[in-house]
Every structure is written in structure tokens, then in C-alpha cells.
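What follows is a single structure, and I will ask about it in a moment.
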Amino acid sequence: MINESSLSRELNEPQLAAVTTIDGPVLVIAGAGSGKTRTLVYRVAHLINSGVAPESILLLTFTRKAAQEMLWRAGRLINDSCSRVTGGTFHSVANMLLRRYGSALGFAPSFTIIDRADAEGIVNLLKSSLQLTANRKQFPSKRVIVNMLSGSVNKARPLSDLIYEDYAHLSEYAEEIVRLQQHYQSFKVDHGLMDYDDLLVNWRRLLAEVPAVREEIAERYRYLMVDEYQDTNPIQADIVRLAAYRHDNVMVVGDDSQSIYSFRGADFYNIMRFPEIFPGTRIVKLEQNYRSTQPILTLTNDIIRNAVEKYTKTLYTRIEGTRRPQLYAARDEKAEADFVVGRINELRREGVALHDMAVLFRSGFHSFKLELELGSHGIAFEKRGGLKLTESAHMKDVLAVLRLLVNPFDTLSWNRLLLTIDKLGPKTAQKITAILAASSEPVAALAAYPGGKGWQEGVNRLVQLFTRLLEHEPVPAALCDIVLDWYQPVFERLYADDYPKRQKDLEQLRTIIASYDDLQRFIDDTALDPPEADLQAYHEDSEALVLSTIHSAKGLEWQVVFIIGLADGRFPHASAFPGEQWEEERRLLYVAATRARQRLYLSYPRELMGADRRFNRVSMSPFLAELSPASYERIEPLPPGGDWLAVRPMPSTAAAAVKPVRKKKLALEDFSLGCRVNHPFFGTGTVRKLNAPRSLDVAFDRHGLKTLHLDYATLNLVDG
DNA sequence: ATCGCCACCGTTTTT
DNA sequence: CGGTGGCGAT
């Protein structure tokens, strides 16, 4: 039981107002680090405490992990597991409801959720079958097309309008793209596939078009809470409105300055409109920051002060601290990485744990150089927003089989499996899948398909696999074993060079599957919330530095935060042009900087490698340039007394001094199999293979097998 | 006509 | 790393 006095000790005045409001719409406008999560947690606890049934609460958060975490905390507060509260993302809740009520809209509950890669696969298939590329060279890439299709759904605008406004440079292809969209839609319907956008669109349809279901849902979930409301799109706003049409018990929490997802349709005007849509809304503002020290807050307020936005709020804090954020202008990316590594080592000596520090950046590849440096210094790190376990090729092969068990008309998976067969290529695979999709019994149709010379055997094995699976009891773990049994030889042939490494992933998959007793649930979960590739990520106590894109760092905080790559052209992203996109990039920087509790380091390289391996000088990000110089401290390129200079490995300044003493380039003939070499980054290694004309494979003692090009790598022979 | 292999290029952000 | 395009082999 929460008692009222502990409540008022923990929460401030405005939070208390939000928490204890039992009925009616509430809008909480909250700054970064102001205790949004805490407010929601207490609200859940308070509701249950006052006799509201947990089943009637629906908590929508940005990630599924956030929902779990909140419910766990609320459970601790009131001595109840809160496990009967429904919590998750819009997408996962949509999935649950559509499985239950989807028949009212006329679709089978066996649909498969597809991710971005699947969507790109479909677009590719259609692109070639519609012959859209016949006479065109510059037809937009499938990634761009998927973005456009999704954007048009999320922004609730016809595709052709979107093309002429947001993608004007592609307008000459408008007709083809619209045609592609139509085919894409019917392809999904025909094959029982549903993408992320469909989940939301169909949830809204369910509420808008089927009164009985709307009634049932509104009756059941009498309390609705939405976190990160600034990241919802118009569809999601509609869903909230429709789902609460009976009771209006909605509490949304958001910060307009942290809206960073407009590229996928999020519209922070949802926050401004909320009071109009729900008349009688109580508005609560949280302006006290519980996270960062004043100097950090001064800087972040300064960042957002330059926004053209109208809704200004200035955060204040009571947390002591005098250390100003530091700005470091590095000579190049290597020097920037050295700076970060040096500071990290220093901080560790002062007693800061590695997992209390994070490095944030705009785009995934901005951290490549740093990853290399961290590796050679033996600093463990964990990259967020990188490749997920289920995104690697071998994982998808296994998942394709499991997906077909649930939805035999999933053409994408058939296609994928057929391609694993030797001597069977894209053309044949397409021919076969077309027949399978049209038949009522795909497996039987596959067995009956007249085989070709080289690949009949492979098809037979596939048919056998499915016969075995269908005979077996549908216990996920057992099914998985059968699949792995079939997959082993395929896998060893396909990934001959590095299959031992990938095998570990498969074992991990096996353990994950074992914890499920329903195959459908497993498939849904992997599509909606892919497990991380790192085993370490599962252990809270893992001692690893976090590297993350800013987008993936949303809602998190660390004691020490580095933001790297703050150069013109990197941040804001080169293709963001002034206007709303520019503003979003600024908010992105704001989000990044507000992740820091105690210390904040900003850095940028003054030299970057451009398109064709030429170095260009770049200046600092315009967002930094417009800040008041008093809000940060500049560090000179060579800080005095920094003993991290001593730990610095062989400086690549050899390149600067190299002009007069240029060493003779070694030719391939100078190396032989098995000879020992030295490399400035990777250290010593043994030559394993010589490739024509100027590259060779070297097995490094500390970094494994690498292929190097003599034109770029500076290798030296090691004597003895 | 189709498949497999090699070399090269470019990389926003994501539920 | 993943997608693509050219080329030789089947």
C-alpha cells in the first residue's frame, strides 16, 4: 500500500496533481529528466491502490521494455506484481487485439508480422516483376521506397502528395511508385503479411468500423496511459480518442522538445491538440529536472532556446555541480576516438563504472573508428541500435521455417528457403513460390513440383522437413530442434568461412525458443521486439560501455555522456534542409545532451574522409556554433597533464610527417604465407592468404582475420 | 537462361 | 557489412 505521506515525500506538487487525478483527461507536459516515468508509475500504483482493477488499465509506452520496467516498479510500490495490467507498445497491443478481434475485419488470425527487411524484399520482388527499372537507371532504392510508403501511411497523406512535397526530386517516378504501392498492398493481403503500419491502421479500423468491438475495448480498458506522446502519429492519436470514447480517462505524458520521430509520422502537435480533442483536460507542467547538474542544464536550455518553437519552458534543477560541459575539437576521427578513450580511462581510475558511461552519435557508422580504438584498448562495449540477433542471415533462415508453420502462404519465407538450396537461384525460386502461393496446400505443391537436375535433392529435404514438422506435436523447442537438424548442413555450406561464430547464435535462439510454449507468440515477439545479439546485454551487471545512436538512447540516462561527431554535415544530417527537419535535428541534440547526469563531453573531428577517400576540413556543427561560449569549456587539442597521452598507441601522425621520409610501398611479392607482419591498428599477425593483385588476408593475434589492401594499409614485416 | 563468385561502393534515425 | 553488377561456368 502506498501511504499518502510517502507519496508527497517522493513527488512534487504538480506530479502529485497528475497522479491523484482519478477521472478525466490529463495532459502532462514534462521536460527532460523531470520524472515522467515516475509520474506514470505512481499513477498506476495509485489507481490500483484506490480500487481500480488492474485489468482495466492499459499502459502504452515507446518500447516494450519500458512498459515492463514501469510495471515492475509500480508492483514494488504496492506489493503487487501488477502483472494484470496490460502494457506494451501501440504495435504489440494492436497485434494482441487483432489476433482476438481480427475476424471482425475479415482476416485470419494467422497473419505474419513483417519487418523492414521483409518489406524491402517485397518491394524488390515487385520492382523486378513490374519491370519498373527497365529503362531507368536512377529508380529510387527500395529503402527509400519503403520509407515513402510508410511515411504516407503515418502522415495520413496520399502517396502522390507526399512525393511532390517531401520527395520532389523523385517526382518523375511518381506514377510508378504509386503503382508499386498498390501492388505492395495487395501482395501483403494475398500472403497474410502485415507490416508495422498495418498493425496501427487495422487497430484504428477495428475501433472505427466495428462498434461492438469498440464498445468492448472501451469497456475493458477504462484507464489509458500513454508515454512519449510527442512521438505518436495521427493514427495513434485517433486510436487513443476512439479507445477512450466512453470514459475519457486518458493520461498522456510528453515533451514537445523531445520530438525526434517526425520522419515516421510523429507529430508533436498532437500534444497541443490534445486539450481540444479531450475537452476538460487538466494540464500539468513538470519543469523541475531531477537528473542533471545545473551547468549541463544551462547548455541544454541554450540548445533548445534557439529552436523556432513557441512552447518554451526552462528547466531548473537542485542538483549541485559546477563542472561545465567540455567541447573538444579533434584533429580527425582518430584523435576524437583517442580523446574519448583517454577520458574513459581517466574516469575509470576515478571510480566511475564503465556502464555508467555512454557514447552517443547521430548515425550508426559514426562510431566505427571509435569501436576500433576501444577494441585495441580492451574496453568492453555494447552497441545499441546495431544489428539485432534476428537480422542476421542465418537467423532469418531458421525463422522462415517457423513462420511457415504458422502461415503457410508466407511467400517471402518460401522464397528465402528455396534460395538456400544449391544450384537454385532467384529465377527458379520465384517460379516455384508463385505456384506455392496459388495452391491450397503449399507443402504438397512443393513435393509435386517437377525438380531440376541439380536441386531436386534440396527440395526433397525441404519437403521432408515440413512433413516431419507437421507430424510433430507443436512444441516450439522440439520443432526448433527439427529445424536445426535440417539446417546444419545447409548452414555449413552457406557460411563455410565463419559458421562456428554463427552457431553460437543458433544455440542462443534455441534457448530463447525453449521459454515459449506457443509458436505464434514467439514469432510475434521476434518481429515486434527483436532480442539483442549480445549475450552480455542480458546481464544487468555486465561491465560494458554503451555506444548508441541518439534515437536508441531515448528515455535513458548515464552519469557520463560523450556526444561525438558534432561536425557540420554529420550533425545535422547532410540531407536535412533548414525548416522543420533542421529543427528536429536540433531537438535530437537536445535529447542527447539531456541524457547526462554529471558530466557531458562534446566533440567533433575537424577533418573527415569524404566520398572518394579524400580528406576535407569540416567545421563544428551549426548547433554548437550558435551556443553561448560561456555554457561550455573548450579543451585544447593537447590538454596539458593528460597522462592519457602516454597510453596513446603509435600515432598515425606518421601520415603528417610522411612526405619526406615516405617508405617504399611494399608489394605483394614482399610477403609470403605464414610471415609475421605489423599493422598500426591491429598489431601483429600472420599472413594467411595472398590475393591478386594487391590484397592479402592476415590473421591478427588480437583482432582475428582481416583482408587488407596494400594500397591503403601500412604493413611492415616483422623480423624473425 | 540461370547460377555462383568476385570486386566494389555507400551507409539517417526505427516501433 | 549488404547490395549490386560483371563475368565465366553450367
Side-chain angles (χ1 to χ4, degrees), chain A residues 60-67 88-95 113-117 119-121 124 128 133 137 141-144 146-147 150-151 153-154 195-200 227-228 231-233 235-236 259-266 360-368 371 383-388 391-393 396 419 421-431 452-455 493-494 496 498 527-530 548-555 565 569-576 581 584-585 587-589 591-592 609-613 691-695 707 709:
Chain A
L60 295 167
T61 55
F62 194 71
T63 63
R64 299 174 99 198
K65 273 172 217 122
T89 61
F90 274 88
H91 295 87
S92 65
V93 173
N95 177 41
I113 300 170
I114 59 174
D115 61 17
R116 262 196 113 60
E120 286 174 8
N124 227 23
S128 57
T133 50
K137 293 234 161 64
S141 75
K142 59 193 179 193
R143 191 178 305 176
V144 171
V146 170
N147 268 339
S150 170
V153 174
N154 286 325
D195 63 22
Y196 275 34
D197 300 334
D198 295 326
L199 286 171
L200 293 185
D227 194 13
E228 310 279 12
D231 289 322
T232 56
N233 61 32
I235 303 177
Q236 290 165 319
S259 161
I260 53 174
Y261 278 102
S262 74
F263 66 89
R264 71 176 196 217
L360 308 180
F361 33 86
R362 174 71 235 278
S363 311
F365 70 97
H366 290 171
S367 66
F368 285 173
E371 286 167 40
K383 190 169 174 182
R384 303 264 173 91
L387 221 70
K388 298 281 189 303
E391 281 168 5
S392 46
K396 284 186 175 169
L419 283 174
I421 297 171
D422 198 14
K423 306 240 166 27
L424 198 161
K427 286 288 175 193
T428 322
Q430 265 192 56
K431 261 186 249 167
K453 278 207 182 81
W455 43 265
R493 182 179 59 80
L494 247 42
D498 64 343
L528 290 168
D529 191 20
S548 172
T549 61
I550 298 173
H551 285 89
S552 306
K554 172 178 254 303
R570 278 204 161 175
F571 206 144
H573 189 263
S575 63
Q581 284 184 16
E584 176 146 327
E585 299 281 321
R587 293 192 294 267
L588 197 55
L589 178 59
V591 169
M609 196 162 68
D612 45 339
R613 296 176 196 281
N691 309 315
R694 293 188 55 79
S695 85
T707 302
H709 294 267

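Per chain, numbering begins at 1; letters A, B, ... match sequence-line order.
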Review point. Nearest-Å distance, CZ (A/Phe368) to C1' (C/dG2)?
Key: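 It is 11 Å, rounded to the nearest whole Å.
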Check your understanding: A/Asn147 near the nucleic acid: base, sugar-phosphate alone, or nothing, with a heavy-atom cut-off under 4.0 Å?
Key ->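 It contacts base atoms.
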Exercise for review: Kindly point out which of B/dT2, C/dT4, B/dT15 is positioned nearest to the side chain of A/Thr428?
Suggested key: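 Out of B/dT2, C/dT4, B/dT15, the nucleotide with an atom closest to A/Thr428's side chain is B/dT2.
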**Study point:** Nearest-neighbour nucleotide for the A/His551 side chain, B/dG4, B/dT14, B/dT12 considered
**Key:**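 Per side-chain heavy atoms of A/His551, the pick is B/dT14.
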Check your understanding: For A/Ile421 and B/dT2, what is the distance between atoms CD1 and C1' respectively, to the nearest whole Å?
Key ->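 Answer to the nearest Å: 15 Å.
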Practice item. Using a cut-off of strictly less than 4.0 Å, decide whether A/Arg116 has a side-chain nitrogen or oxygen near OP1 or OP2 of B/dT15. Key: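 False: A/Arg116 side-chain N/O out of range (4.0 Å or more) of B/dT15 OP1/OP2.
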Exercise for review: Identify the heavy atoms of A/Ile550 and A/Leu360 that sit nearest to each other, and give their distance.
Suggested key: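 Where A/Ile550 meets A/Leu360 most closely, the heavy atoms are CG1-CB, 4.1 Å.
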Point to revise | Touch class at under 4.0 angstrom, heavy-atom based, for A/Arg570 against every strand present | key: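 No contact at all - A/Arg570 keeps every heavy atom at 4.0 Å or more from the nucleic acid.
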**Study point:** Short side-chain N/O contact from A/Ser575 to OP1 or OP2 of B/dT12, under 4.0 Å
**Key:**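 Checking A/Ser575 against B/dT12: no side-chain N or O falls below 4.0 Å of OP1 or OP2.
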Practice item. Can you establish whether the number of heavy atoms outside A/Arg493 located under 6.0 Å from its atom CZ is more than 12? Key: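 Yes, because the 6.0 Å sphere around CZ of A/Arg493 holds more than 12 heavy atoms from other groups.
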Review point. Checking all strands, does A/Leu424 fall into the base, sugar-phosphate, or nothing category for heavy-atom contacts under 4.0 angstrom?
Key: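 The residue A/Leu424 makes sugar-phosphate contact but no base contact.
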Review point. For A/Ser259, does its backbone N or O pair with a side-chain atom of A/Arg587 as donor and acceptor, under 3.5 Å?
Key: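 Present.
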Practice item. Starting at atom CZ of A/Arg64, determine the distance to atom C1' of B/dT14, rounded to an integer number of angstrom. Key: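 Computing the A/Arg64:CZ to B/dT14:C1' distance gives 15 Å.
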Review point. A/Asp231 near the nucleic acid: base, sugar-phosphate alone, or nothing, with a heavy-atom cut-off under 4.0 Å?
Key: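 Here A/Asp231 touches no strand at all.
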Review point. How is A/Phe263 classified with respect to the nucleic acid when contacts are heavy atoms under 4.0 Å: base, sugar-phosphate, or nothing?
Key: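 Result for A/Phe263 = base.
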**Study point:** d(CZ, A/Phe365; C1', C/dG2) in whole Å
**Key:**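 Atom-to-atom, A/Phe365 to C/dG2, this comes out as 15 Å.
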Point to revise | Length of the line joining A/Lys396:NZ and C/dG2:P, which is rounded to integer Å | key: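 So the two atoms are 9 Å apart, to the nearest Å.
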Exercise for review: Side chain of A/Tyr196 only, please: which of B/dT15, B/dT11, B/dC3 is the nearest?
Suggested key: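 Of the options given, the side chain of A/Tyr196 lies nearest B/dT15.
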Practice item. Could you state the atom-to-atom distance from CD of A/Glu120 to P of B/dT11 in whole Å? Key: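 Going from A/Glu120 (CD) to B/dT11 (P), I get 14 Å.
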Practice item. Looking at every strand, decide which applies to A/Tyr261 at a 4.0 Å heavy-atom threshold: base, sugar-phosphate, or nothing. Key: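 If one applies the 4.0 Å heavy-atom cut-off, A/Tyr261 turns out to touch the sugar-phosphate alone, with no base involved.
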Review point. Sub-3.5 Å donor-acceptor pair from the side chain of A/Lys65 to the main-chain atoms of A/Asp529, do we have one?
Key: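 Such a contact is absent between A/Lys65 side chain and A/Asp529 backbone.
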Point to revise | Toward the 5' end of DNA chain B, by each residue's nearest nucleotide, A/His573 or A/Ala429 | key: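 So the residue in question is A/Ala429.
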**Study point:** Within-4.5 Å side-chain heavy-atom neighbours: A/His91 and A/Leu200
**Key:**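 Yes; the side chains approach each other to less than 4.5 Å.
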Exercise for review: Please tell me which of A/Arg362 and A/Leu528 maps to the more 5' nucleotide of DNA chain B, matching each residue to the nucleotide holding its nearest heavy atom.
Suggested key: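 On the 5' side of the pair lies A/Arg362.
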Check your understanding: Among B/dC3, B/dT13, C/dT4, which nucleotide sits nearest the side chain of A/Asn124?
Key ->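 Within the option list, the nearest is C/dT4.
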Check your understanding: Between A/Ser92 and B/dT15, does any side-chain N or O lie under 4.0 Å from OP1 or OP2?
Key ->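 False: A/Ser92 side-chain N/O out of range (4.0 Å or more) of B/dT15 OP1/OP2.
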Check your understanding: Can a side chain N or O of A/Lys431 be found less than 4.0 Å away from OP1 or OP2 on B/dT2?
Key ->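 Answer is yes, contact under 4.0 Å.
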Check your understanding: Between B/dT13 atom P and A/Phe571 atom CZ, what is the distance in whole Å?
Key ->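 Distance check: A/Phe571 CZ to B/dT13 P gives 13 Å.
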Point to revise | Output field: ring centroids A/His551/A/Phe263 closer than 6.0 Å | key: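 Yes, ring centres under 6.0 Å apart.
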Review point. When the distance from CZ of A/Phe361 to P of B/dT14 is rounded to whole Å, what number comes out?
Key: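 Between P of B/dT14 and CZ of A/Phe361: 10 Å.
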Exercise for review: State whether A/Thr549 places a side-chain N or O below 4.0 Å from either non-bridging phosphate oxygen (OP1 or OP2) of B/dT12.
Suggested key: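 So the side-chain polar atoms of A/Thr549 never come under 4.0 Å of the phosphate oxygens OP1 or OP2 of B/dT12.
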